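Here's the structure, in structure tokens; my notes come after.
The structure displayed is predicted, hence computed values, not measured ones. First the proteins, then the strands, lettered A, B, ... as listed; each starts at 1.
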2 protein chains.
Amino acid sequence: MDKNKFFQVVINFIGNVHSSTHFLKKDARSNKITPQQHSILEYVFFSKEVTTSQVADCLNISLPNASRELKKLFKLDLIIKESNEKDRRKTTISLSKPGQNLMLRTFERIQKNFWKQADELSEDEMRSIISSMKVLEKKVFIPY
Amino acid sequence: MDKNKFFQVVINFIGNVHSSTHFLKKDARSNKITPQQHSILEYVFFSKEVTTSQVADCLNISLPNASRELKKLFKLDLIIKESNEKDRRKTTISLSKPGQNLMLRTFERIQKNFWKQADELSEDEMRSIISSMKVLEKKVFIPY
DNA sequence: TATATTACTTATCAAATGATAACATAAAGG
DNA sequence: CCTTTATGTTATCATTTGATAAGTAATATA
């Protein structure tokens with residue numbers, strides 16, 4: 001198979017994922033926080049406990065800027081900051097109760113959009129979709 | 001199958017696509033244009049000919065801001081603006097020769113990153129990946 | 001123990017993006 | 001023809017995000 005052709009298909013697929021995602025997330029953002037802050041909360045939500053540096057690295061934000069945004073989220077009472085027991089230079093970030101609620105609410109909205117778009121999927125179709133994703137995650141979009 | 005579970009898998013997959021994409025695009029951007037301008041050029045590149053409104057709609061930019069960014073790209077000689085013959089309110093946007101070259105160069109860089117990450121794929125694997133993408137594009141990430 | 005290095009913070013400035021009002025002009029519809 | 005609607009532009013301001021220098025405190029290391 002022509003590698004260029006294959007690459008084109010992948011790029012095209014990525015484009016479709018991005019635009020679909022945009023549609024899904026539409027109207028799902030709180031008006032209190034910025035998009036970047038929302039991605040930080042998402043990241044913390046899925047990772048449970050992280051340090052400031054990890055947030056910075058994984059979301060490609062410089063450490064000072066990550067620190068700034070985390071401070072804002074802290075002042076909004078959406079995250080908890082604890083000094084790490086074993087290495088007190090480190091700060092452990094986790095979602096506060098309000099932060100968790102915010103994430104759950106926005107995911108509910110995303111989920112509604114999702115089912116509006118992808119309803120009437122049969123059992124078989126869901127299974128086939130999941131196995132497709134597994135293939136892609138194994139070979140192309142490898143989880144960090 | 002539990003719909004919540006299915007939703008989780010999809011969200012997780014989307015996350016992986018986004019972070020992989022970030023990696024792929026790393027270092028692939030021109031230093032002359034902003035990320036948003038780059039996505040505009042990408043969009044025009046794949047769509048061949050579009051109007052200002054289409055750029056605004058598809059990239060979720062307000063019309064005035066789309067107009068502003070297109071003006072900058074025009075001044076950089078990266079796009080061509082032509083008044084539409086049939087409806088002279090409309091402007092047809094397309095890539096200039098330098099614009100096309102810029103896109104081709106950045107795609108080459110993205111492609112290099114891609115193969116660095118996803119090399120040694122067999123014929124069978126590529127075919128299986130493509131068919132997985134087709135499934136997802138049919139059912140979940142439906143092209144606009 | 002002196003000296004690096006790591007993790008983070010604060011402050012400041014610049015650049016990119018978003019939002020909105022006011023305007024111009026072309027086309028559509030009564 | 002007159003009014004309304006659609007397409008786009010310009011200008012201005014606010015917000016968000018990026019970049020960088022300087023500083024603090026804890027840990028690692030020579």
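- Atom NZ in A/Lys71 sits roughly 8 Å away from atom C1' in C/dT9 (whole-Å rounding).
- Judged by closest nucleotide on DNA chain D, A/Ile61 is the one of A/Lys86 and A/Ile61 placed further toward the 5' end.
- No donor-acceptor pair under 3.5 Å is formed between the side chain of B/Ser67 and the backbone N or O of B/Leu63.
- If you check distances only, the side chain of B/Arg68 never reaches the base of D/dG8 with a donor-acceptor pair under 3.5 Å.
- Residue contacts shown for B/Asp87 are limited to sugar-phosphate atoms, with no base heavy atom under 4.0 Å away.
- Taking every heavy atom of both residues into account, A/Thr51 and A/Ile93 meet most closely at C-CG1, 4.2 Å.
- Closest contact between the side chain of A/Ser62 and the listed nucleotides D/dT17, D/dT20, C/dA16 involves D/dT20.
- Distances shown here put a side-chain N or O of A/Gln36 below 4.0 Å from the OP1 or OP2 atom of D/dG18.
- In this entry the distance linking CG of A/Leu70 with C1' of D/dT17 reads 14 Å, nearest Å.
- If you check D/dT17, D/dA19, D/dT9 against the side chain of B/Lys81, the one that comes closest is D/dT9.
- Taking atom CG on B/Asn84 and atom C1' on C/dA27, their separation rounds to 12 Å, with Å as the unit.
- Rounding to the nearest 0.5 Å places CE of A/Met103 at 8.0 Å from CZ of A/Phe45.
- For B/Pro64, whose side chain is taken as the heavy atoms from C-beta onward, the closest listed nucleotide among C/dT20, D/dT17, C/dT9 is C/dT20.
- For the pair A/Leu63 CG and C/dA11 P, the computed distance is 16 Å after rounding to whole Å.
- Nucleotide C/dA16 holds its P atom 15 Å from the NE2 atom of B/His38, rounded to whole Å.
- Along DNA chain C, the nucleotide closest to B/Pro35 and the one closest to A/Ala66 are compared, and the more 5′ of them pairs with A/Ala66.
- We find that CZ of B/Phe74 is positioned 16 Å from C1' of D/dT10, with the value rounded to whole Å.
- Looking at the side chain of B/Lys90, the nearest of the listed nucleotides D/dT7, D/dT27, D/dA19 is D/dT7.
- Position along DNA chain D of the nearest nucleotide to A/Arg88 versus A/Lys32 favours A/Lys32 as the more 5'-ward residue.
- Legend: residues meeting side chain to side chain contact (heavy atoms under 4.5 Å, CB included) with B/Ile130, ordered by chain and number and at least two apart, are A/Met1, A/Phe6, A/Val9, B/Lys134.
- Proximity of a side-chain donor or acceptor of B/Ser47 to a complementary backbone N or O of B/Val44 within less than 3.5 Å is not detected.
- In this model, a side-chain donor or acceptor of A/Arg89 finds a partner on the base of C/dT6 within 3.5 Å.
- Between A/Leu76 atom CG and D/dT16 atom P the separation is 11 Å, expressed in whole Å.
- Phosphate contact (OP1/OP2 of C/dT17, side-chain N/O of B/Thr34, threshold under 4.0 Å): present.
- Atom CD of A/Glu69 and atom C1' of D/dT15 are 11 Å apart (whole Å).
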